[in-house]
Amino acid sequence: MRYELVIFDNDGVLVDSEPLANTILAGYLTELGHPTSYEESLRDYMGAAVHRVHDLVEERGGEKLPADFEDILYSRTFAAFQRELVAVDGVEELLGKLVADGVDYCVASSGSHEKIRVGHRKTGLDQWFEEEWIFSSEDVGRGKPAPDLFLRAADRMGVAPERCVVIEDSPLGVEAARAAGMDVYGFTSMMPADRLAGVTGHFSDMSQLPELLA
């Protein structure tokens with residue numbers, strides 16, 4: 001493999017959380033008086049840290065979200081995860097191949113550390129990730145599309161950015177990877193390929209990825 005480190009996004013790449021999370025987010029924003037469809041939530045917030053929700057709602061409507069917005073959003077999201085969340089099909093086989101081939105990997109997610117851990121425990125992916133291989137937007141000043149999160153992951157893992165490859169499924173994540181000077185492959189299970197402009201390549205099934213990275 002021509003890369004020394006594979007950096008995975010989490011939501012939609014490792015765990016199939018985007019349909020659940022965006023359904024809940026759209027419903028809660030609508031409940032608070034900010035009508036948002038599921039499609040609009042995907043368009044505006046997929047791949048972003050929660051501060052983007054605060055910023056866009058205030059920018060568009062001039063109102064701040066309630067102080068307990070994140071607590072209630074996470075409570076509802078985690079409850080849905082416990083009921084329904086599954087790993088993305090083929091992820092465990094892919095991680096097993098990386099281990100067998102001696103390729104380092106980590107996760108760099110816009111989600112909180114708690115959100116990552118809840119999802120990994122529910123799906124069994126926690127067995128594949130050591131604590132020091134998990135990076136969250138909480139660890140940096142600016143989340144995606146800024147490159148800070150990916151650059152921090154590379155630095156902590158001891159790999160130069162140009163030797164890293166990012167696996168992403170959102171336009172914001174692709175933008176962040178490119179800004180970090182990393183190759184990035186776009187997972188198109190939910191997001192159309194034409195929305196992931198500038199990627200090194202596309203794939204729609206995890207079984208296709210090893211050949212692309214070879």
Side-chain angles (χ1 to χ4, degrees), residues 1-15 17-18 46-49 87-88 90-113 115-117 119-120 125-191 193 195-214:
M1 188 174 290
R2 65 183 185 274
Y3 301 103
E4 295 178 19
L5 177 66
V6 181
I7 304 177
F8 291 97
D9 176 41
N10 188 58
D11 294 295
V13 172
L14 297 176
V15 296
S17 55
E18 293 292 9
M46 182 173 167
V88 168
V91 158
E92 292 206 58
E93 291 82 358
L94 173 62
L95 295 175
K97 179 168 178 51
L98 293 178
V99 170
D101 291 345
V103 179
D104 289 337
Y105 61 87
C106 65
V107 57
S109 171
S110 292
S112 66
H113 278 285
K115 184 181 180 185
I116 298 167
R117 292 189 183 97
H120 285 196
L125 292 182
D126 55 335
Q127 65 181 312
W128 293 97
F129 287 89
E130 302 290 342
E131 184 71 23
E132 58 268 26
W133 303 347
I134 297 175
F135 304 94
S136 161
S137 61
E138 293 179 322
D139 303 330
V140 294
R142 300 179 301 166
K144 304 170 189 178
D148 304 38
L149 178 56
F150 290 138
L151 291 173
R152 177 183 175 85
D155 179 65
R156 290 300 180 93
M157 297 293 290
V159 179
E162 62 269 20
R163 300 298 302 156
C164 299
V165 62
V166 175
I167 312 304
E168 265 288 353
D169 69 333
S170 74
L172 293 175
V174 169
E175 185 178 344
R178 291 191 48 163
M182 301 175 181
D183 283 356
V184 53
Y185 283 86
F187 184 40
T188 59
S189 66
M190 284 192 59
M191 187 67 64
R195 289 287 313 281
L196 300 176
V199 295
T200 310
H202 299 103
F203 67 103
S204 60
D205 189 289
M206 285 294 166
S207 65
Q208 300 169 332
L209 191 54
E211 185 175 349
L212 292 174
L213 301 183

Quick one: are Val103 and Tyr3 in side-chain contact, heavy atoms under 4.5 Å? no
Phe203/Tyr185 aromatic ring centres below 6.0 Å: no
Whether Gln208 side chain and Asp205 backbone form a donor-acceptor pair below 3.5 Å: yes
Going by an N to O cut-off under 4.0 Å, is there a salt bridge joining Asp11 and Lys115? yes
Under 3.5 Å, side chain of Ser137 to main-chain N/O of Gly143, donor-acceptor pair present? no
Less than 4.0 angstrom from a charged side-chain N to a carboxylate O is my criterion; do Lys144 and Asp9 meet it? yes
Taking every heavy atom of Ser17 against every heavy atom of Gly12, the minimum-distance pair comes out as OG-N, 3.8 Å
For the backbone of Arg2 and the side chain of Arg163, can you confirm whether one donor and one acceptor N or O come within less than 3.5 Å of each other? yes
Do side-chain atoms of Arg178 reach the backbone of Gly198 as a donor and acceptor pair under 3.5 angstrom? yes
Does the side chain of Ser189 reach to within under 4.5 Å of the side chain of Val88, using non-hydrogen atoms? no
Look only at the side chain of Asp139 and the backbone of Ser136, and say whether a donor-acceptor pair between them is shorter than 3.5 Å. yes
Would the distance check show the side chain of Thr188 and the main-chain N or O of Met191 forming a donor-acceptor pair, the cut-off being under 3.5 Å? no
Would you call Arg152 and Asp148 a salt bridge, using N to O less than 4.0 angstrom? no
